[in-house]
> 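Take a look at this one; I'll ask things after.
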Amino acid sequence: MAPKKIAAGNWKMNGVKTSLSELDQLGAGEGCEVLICPPFTLISLAAGRAGAVQIGAQDCHANASGAHTGDISAPMLKDAGASHVITGHSERRADHGETDAIVAAKTQAAHHAGLVAIVCVGETEAQRDAGDTLDVIATQLAGSVPDGSTAANTVVAYEPVWAIGTGRTPTTDQIAEVHALIRDKLAARFADGADFSLLYGGSVKPGNAAEIFAVPHVNGALVGGASLKASDFNPIIDALSRA
């Protein structure tokens with residue numbers, strides 16, 4: 001199999017029931033998968049009306065059940081209609097102290113539940129300025145993607161922390177350098193490492209999507225703010241379809 005093209009939207013802590021009308025206006029995306037990850041409260045409702053759009057979650061607990069008040073397990077997400085779950089997003093790593101080991105455990109839990117995990121990696125501005133980007137990404141990748149991962153159950157998203165929601169975007173050369181590293185590391189570790197879908201995330205907008213999708217080893221995007229409105233997300237989906 002070749003890497004799938006994926007246009008994934010992360011709504012983060014945004015969205016109420018009326019927001020689901022945006023799903024009705026999303027294009028199907030010729031030759032690519034379209035995925036929206038709404039808040040937990042909307043997953044079941046979204047899955048019931050999404051049509052060709054797949055529905056994912058933004059996080060899961062590493063355990064399948066238990067005394068973990070306020071947490072949601074991967075089997076619960078699957079039961080609610082989710083097909084994917086994001087693990088290791090930089091906001092989870094920063095706000096909740098998630099380590100690579102925690103991310104790997106959540107990713108394994110997603111696999112066991114039959115979900116596709118979108119594992120996020122990315123460097124901070126300080127790490128980029130110090131010239132440590134490639135070392136940081138390699139370390140996160142090794143620690144966050146568990147053994148047994150395959151191109152069918154795992155997607156890797158590169159999200160430079162300093163580009164998320166800031167309007168700043170790395171140069172295409174910087175994106176290419178990191179995506180090439182990720183591809184090389186996956187290919188060296190997994191038999192089907194050349195087939196994993198690699199997404200770029202961080203201030204992806206209609207105006208820069210085509211340029212980003214032209215970068216080698218970029219198979220799609222994990223989009224934040226621009227995924228909240230179909231009028232913003234549809235041009236990104238269209239750009240990926242044409243890439």
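Note that this is a predicted model, so its numbers are computed, not measured.
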> Where the side chain of Q58 meets the backbone of C37, is there a donor-acceptor pair that is under 3.5 Å apart?
yes
> How far apart are the closest heavy atoms of V204 and G201, and which atoms are they?
CG2-CA, 4.3 Å
> Taking all atoms of both residues into account, what is the closest heavy-atom pair of I102 and G97, and its distance?
CD1-O, 4.2 Å
> Which residues pass the ring pair (Phe, Tyr, Trp, His ring centres under 6.0 Å) test with F196, sequence neighbours left out?
F190
> So, are K229 and E22 salt-bridged, with charged N and O less than 4.0 Å apart?
yes
> Give the minimum heavy-atom separation between V223 and S227, together with the two atoms involved.
O-OG, 3.3 Å
> Between K205 and D232, is there a side-chain N and carboxylate O pair less than 4.0 Å apart?
no
> Set out, in order, the CA-CA distance, both residues' side-chain angles and the distance that settles side-chain hydrogen bond (donor to acceptor under 3.5 Å, both in side chains) for Y158 and Q140, then state yes or no.
CA-CA 11 Å; Y158 167 53; Q140 289 182 343; over 6 Å; no
> Distance alone, cut at 3.5 Å: any donor-acceptor contact between the side chains of T107 and T87?
yes
> Between I6 and V156, is there shared hydrophobic-cluster membership here, with clusters defined by ILVMFWY side-chain heavy atoms closer than 4.5 Å?
no
> Hey, could you give me each pair passing salt bridge (charged side-chain N to carboxylate O under 4.0 Å, His left out) that has a residue in residues 77-98? Not counting sequence neighbours.
K12-E91, D59-R92, R92-E98, R93-D100, E98-K106
> Determine yes or no for a side-chain-to-main-chain donor-acceptor pair under 3.5 angstrom, with N234 supplying the side chain and S231 the backbone.
no
> Taking all non-hydrogen atoms of both residues into account, name the closest pair between R183 and P3 and its distance.
NH2-CG, 3.7 Å
> Using the test ring pair (Phe, Tyr, Trp, His ring centres under 6.0 Å), find all partners of H68 that sit at least two apart in sequence or belong to another chain.
H61
